[in-house]
Amino acid sequence: ATTALITERPGRLRVVKNGKLLTDAVKNTPKVLNEGQGGLLDVAIDPDYNNNGWIYLAYSHVLENITGEERPPAMTRLERGKIKNNTWTESEIIFEAPHETYRTTRHHYGCRIVFDPAGYLYFAIGERGTGEHAQDFTRPNGKVHRINKDGSIPKSNPFINEKDAIKSLFSLGNRNIQGMAVHPITGELWATEHGPLGGDELNLIESGKNYGWPVITYGWNYNGTIITEETHRPGMEQPILYWRPSTAVCGLDFYRGDLFKKWKNKLLVGALKYEDVRLLDIEDNRVMHQEVILKGQGRVRDVSTGPDGAIYVVLNKPGTVLRLTPEPK
């Protein structure tokens, strides 16, 4: 029996068993702020799930009862728990940002959750609409974070000894990451992030590195004005690839199955605005080739390799999941 988990933005966690969606959402899941781009974001299954049963959720968490606030502040939060009898149980909050860093904006929450071969958990938080925060290590937004699966902080994290830094930080200068994937052979962390108008990026995320937002970018403001003249600066990383115009990258996975033999370890990249899935051939950290393998079915929110080797594509508008397999010979 194969089981899939799907998040729905208003806060529902849905279970699909053998291709059939269970009628009832999982009970008792955390309350989320379903406003703007916020809501229930990513779900991830522990690599050692068969032994420990942990499932991880990322969502927009709002601070209630702040007096006089028209819009109470919110930030991305992570929790893990188990599903028993279609109910969320044994939950533990594994990341919650300091409350003074929460923002009243309602966009750019990130977030994706992935695990590397060493068992570290990585997640991203978007800059929440305040670009300069992406360069500030006292703030959680506009960054990739790395924690242990129980929420404790790895001793080797790059900013662990900086006095006021958020200790979970792994990289800086990331505008709004919408796709993350760990390479099946090298264990490297790859991410796609939304640029503004133009300048969507594919980055290889490495410890302590700065990816430049908003100091350097290949994009413009949405009204066509210049954000910065700079596309390069010493001490800031260049993207492996950038898309101009933006495709609105979303969802990322290295193909790990056997159904499409020639695609093994190539990178699947979804896109919201362009409604496509691309296959990228990467060698020596350079994109040698990209081709569109799916187009015009809907806004591609996520893409992943299933245990059966099929490629699963989650769409918005229409809210559906496609299963891609090779044509029979």
Side-chain angles (χ1 to χ4, degrees), residues 1-7 13-22 42-56 83 112-119 121-122 178-192 202 204 240-241 247 249-272 274-283 285 287-316 318-329:
T2 56
T3 304
L5 297 175
I6 299 174
T7 56
L13 179 60
R14 305 295 298 274
V15 179
V16 180
K17 281 216 162 127
N18 295 330
K20 295 257 190 308
L21 181 70
L22 300 192
D42 205 11
V43 56
I45 293 165
D46 197 294
D48 199 24
Y49 175 84
N50 288 342
N51 293 318
N52 64 30
W54 288 116
I55 293 162
Y56 300 77
I83 297 175
R112 297 288 176 180
I113 302 169
V114 295
F115 304 89
D116 74 4
L121 183 160
Y122 298 83
Q178 289 287 303
M180 287 174 90
V182 170
H183 192 288
I185 308 293
T186 65
E188 293 166 333
L189 178 64
W190 291 74
T192 44
L202 171 67
L204 172 57
I240 301 289
L241 182 70
T247 64
V249 286
C250 199
L252 198 64
D253 194 22
F254 285 96
Y255 180 69
R256 298 183 302 276
D258 292 318
L259 284 187
F260 301 94
K261 290 224 178 350
K262 291 182 175 158
W263 292 359
K264 195 91 164 182
N265 301 330
K266 293 187 180 183
L267 189 59
L268 297 158
V269 183
L272 294 162
Y274 272 43
E275 298 195 352
D276 67 23
V277 175
R278 293 172 189 227
L279 187 71
L280 272 56
D281 186 6
I282 298 171
E283 289 170 37
N285 298 340
V287 176
M288 308 309 283
H289 180 67
Q290 61 173 314
E291 62 181 301
V292 174
I293 62 168
L294 179 75
K295 179 81 182 162
Q297 298 295 308
R299 289 163 60 80
V300 177
R301 183 61 64 185
D302 205 1
V303 55
S304 71
T305 312
D308 55 357
I311 295 168
Y312 290 82
V313 182
V314 180
L315 303 177
N316 282 143
T320 186
V321 180
L322 305 181
R323 178 174 178 267
L324 310 184
T325 54
E327 284 187 50
K329 285 281 185 292

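All values below were derived from every heavy atom in this structure, side-chain atoms included, with hydrogens, water molecules and symmetry-related copies excluded.
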Problem set entry | Trp54/Asp48 under side-chain contact (heavy atoms from CB on, under 4.5 Å): CA gap, chis, key distance, verdict | CA-CA 8 Å; Trp54 288 116; Asp48 199 24; over 6 Å; no
Which heavy atom in [X] sits nearest to a heavy atom in [Y], and how many Å separate them?
X	Y	answer
Arg14	Leu22	NH2-O, 3.1 Å
Leu189	Val182	CD1-CG2, 4.1 Å
Phe115	Ile45	CE1-O, 3.6 Å

Side-chain heavy atoms of [X] within contact of [Y], under 4.5 Å:
X	Y	value
Ile282	His183	no
Val15	Leu5	yes
Leu202	Leu267	yes

Sidechain-backbone polar pair: [X] side chain, [Y] backbone, donor-acceptor under 3.5 Å:
X	Y	answer
Asn316	Gly319	no
Arg301	Cys250	no
Asn18	Thr2	yes
Asp281	Met288	no

[atom2] on [Y] to [atom1] on [X], rounded to 0.5 Å:
X	Y	atom1	atom2	answer
Thr192	Gln178	OG1	CD	8.0 Å
Asp42	Ile113	CG	CD1	5.0 Å
Thr320	Leu21	OG1	CG	10.0 Å
Leu204	Thr186	CG	OG1	8.0 Å

Exercise. Step by step, would you call Ile240 with Trp190 a side-chain contact (heavy atoms from CB on, under 4.5 Å)?
Worked result: CA-CA 10 Å; Ile240 301 289; Trp190 291 74; 3.7 Å; yes
Donor-acceptor list for residues 289-298 side chains, cut-off 3.5 Å, not counting sequence neighbours:
unit_1	atom_1	unit_2	atom_2	d
Gln290	OE1	Trp243	NE1	3.3
Gln290	OE1	Arg278	NH1	3.3
Lys295	NZ	Tyr274	O	2.7

Problem set entry | side chain to side chain donor-acceptor pair (under 3.5 Å) contacts in which one or both residues fall within residues 257-268, not counting sequence neighbours | Asp258-Lys264
Exercise. Can you check side-chain contact (heavy atoms from CB on, under 4.5 Å) on Val16 and Val321, steps first, answer last?
Worked result: CA-CA 11 Å; Val16 180; Val321 180; over 6 Å; no
If you look only at distance, which donor and acceptor atoms sit under 3.5 Å apart when one is on a side chain in residues 303-310 and the other is two or more places apart or in another chain?
unit_1	atom_1	unit_2	atom_2	d
Thr305	OG1	Asp253	OD2	3.0
Thr305	OG1	Phe254	O	3.3
Thr305	OG1	Arg256	N	3.4
Asp308	OD1	Ala310	N	3.1
Asp308	OD2	Tyr312	OH	2.7
Asp308	OD2	Arg323	NE	3.1
Asp308	OD2	Arg323	NH2	3.1

